[in-house]
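Sequence positions, counted from 1, serve as the residue numbers for this chain. Just so it is clear, the structure is predicted and the values come from calculations on it, not from any experiment. The basis for the numbers below is simple: all heavy atoms, side chains too, and nothing from hydrogens, waters or symmetry mates.
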Amino acid sequence: MPPSVPCPTRRVARTLRTSLFAQVTCALVLGIVVGKLWPDTATALQPLGDGFTRLIKTVISPLVFCVVVVGIAKAGDLKAFGRIGVKALIWFEIASTAALVIGLVAANVVGPGKGMNVDPSSLDAAAVQETTGGGHLPTTTEFILNALPHSFIGSFAENELLQVLILACLVGAALLHLGHTKVPKVLPAIEQAQEIIFAVVGFIMRLAPLAVFGAMAHLVGNYGLGVMRTYAKLIVLCYVAAALFVALLAVALKLVTGLSLWKFLRYIREEMLLALGTASTESVMPRVMQKLRRAGARDDAVGLVLPTGYSFNLDGASLYLSIGTLFIAQAVGVDLSLGQQITVVLVLMLTSKGMAGIPGSAFLALSATASSLGAIPAGAVALLLGVDRIMDSMRVVTNLLGNCVAVFAVSRWEGALDTARARKVLDGEDASTPDGGEKGLGADKGPGGEKGPGGETATEALAPGVPAQNKPTELKEPKEPTELKEPASEVG
């Protein structure tokens, strides 16, 4: 007798119950509908998205700390960690400069603001002041000083990622210096804390559909869909330019690592949709770190490159800032010369690095650029107030993909990427259960499930996602008796 085929209703119900991607997609569509039909009610749903983001932010700093400390200790080479940092900064500068240039070229060719003939005196400059809260972008000296920890606990409490990174580097270096004989229990304790944090992330991610629903309903209810008609030319240009930049990222990833960006997009589709819905890359950082490690990138590369990129590699923001500057100039009838446009690139190369975590940072950077040129009225920045939130999706996707590509590229450059494992994972051969769902942390074994030299699998010998050949044999812990081991719990 042939097996019974489940009815479509049951298949849909099962997909909604088991697939985070399906849940977030439904929440996204439902949020748009509610925001359109009941805008007054929808604007009150913003706390759903804000609450989820706050929960995720509570685990980002301890997670980054644990991943970086474990990565340094297991790599066994602090010099290699320094090389990864330098190579990451070089990649970031090249990528963000390319984004700025693409934005300027696109704005010059299309001219999204030409013909608007806006009178700057008619704009409400006070609205920009309200959006930015009277803040300012840090100077280079302030940025460097702010990156240095002023308190061990305070760095975690204030969620200052660069400060946490520095503390993690110091602790990892201390572990290497003292060795396992003097502090034999510290590294296993940090690894166990890392597993607990990933489990907590798994619990919080169950709230992701609610967060996307609330954030999208608030967006549509507050701004409406009419703003897209008003700024259609600018919006389309920004998204097309972002698509071109992503295509260049795909080419760069293929040339450097041989991996496919499109397969990687499918691999992180749930995180990408969540980032789109909440307009925040921070909301998916823990899950993306977990997936990059599972895809063969070594712990120290993931732990250093991805969090640093959140401050230094804002490709989507760079693209938007360059297009936005020329849009404002064209709208008020200012024709910028080639020399002035080069000045725009140089100024934005600096101001875009200090944007992370500052309210209204895009407007602060645009105002600083306008002031440096002396040809664009600073109040003209108010032209972008109505469309800025619509651009979040473009910025989020481009920023996230740019940082993930940076992790793969720098890892390959440093020899910290298991490309065979990466291909298996991106092809779906090593990262999914028989029913098509993704495994939780610890559920996947090492590459091919091979046994290590001591008879243990890769996940028993290493932190998840670290190839067996990348762990120095001298750092191995004595193998625990089999009967004492607890199975790794699944999350996600």
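Using a 4.0 Å cut-off between charged nitrogen and carboxylate oxygen, Asp392 and Arg395 count as a salt-bridge pair.
For the residue pair Val67 and Gly303, the shortest heavy atom distance occurs at CG1-CA, 3.7 Å. Contact detail for Ser283 and Ala275: the closest heavy-atom pair is OG-CA, 4.3 Å. Heavy atoms only, all atoms of each residue included: Cys404 and Val288 are closest at SG-CG1, 3.6 Å. Across all non-hydrogen atoms, the minimal contact from Ala99 to Ser322 is O-OG, 4.1 Å. Smallest separation of non-hydrogen atoms from Val24 and Ala208: CG2-CB, 4.4 Å. Nearest heavy atom pair, residue Ala242 against residue Met394, reads CB-CG, 3.4 Å.
The aromatic rings of Phe312 and Phe92 lie parallel to each other, with less than 30° between the two planes, well short of the 60° mark.
Side-chain contact check for Phe52 versus Leu210: every heavy-atom pair is 4.5 Å or farther apart. Proximity of Leu306 to Leu292: side-chain heavy atoms (C-beta onward) are separated by under 4.5 Å at one or more points.
Judged by distance alone, the side chains of Asn313 and Glu93 never bring a donor and an acceptor atom under 3.5 Å apart. The closest side-chain donor-acceptor pair between Asn399 and Asp315, if any, does not fall under 3.5 angstrom.
Checking side-chain atoms of Gln341 against main-chain N and O of Val105 turns up no donor-acceptor pair under 3.5 Å. Formation of a donor-acceptor pair under 3.5 Å by the Thr58 side chain with backbone atoms of Leu55 is found in this model. In this structure a side-chain-to-backbone donor-acceptor pair under 3.5 Å is missing from Lys233 to Gly113. Between the side chain of Arg298 and the main chain of Gly71, no donor-acceptor pair closer than 3.5 Å is present.
Test Val302, Leu259, Thr419 against Phe408 for side-chain contact (heavy atoms from CB on, under 4.5 Å) and you get one pass: Leu259.
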Which is it for Lys254 and Leu261 under the side-chain contact (heavy atoms from CB on, under 4.5 Å) test, yes or no, and what are the steps along the way? CA-CA 8 Å; Lys254 191 71 175 179; Leu261 184 63; over 6 Å; no
Using the rule given for side-chain contact (heavy atoms from CB on, under 4.5 Å), can you reason through Leu45 versus Met216, listing the C-alpha separation, both sets of side-chain angles and the distance that settles it, and then say yes or no? CA-CA 9 Å; Leu45 297 176; Met216 189 54 59; over 6 Å; no
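Residues satisfying the side chain to side chain donor-acceptor pair (under 3.5 Å) test with Thr398, not counting sequence neighbours, are none.
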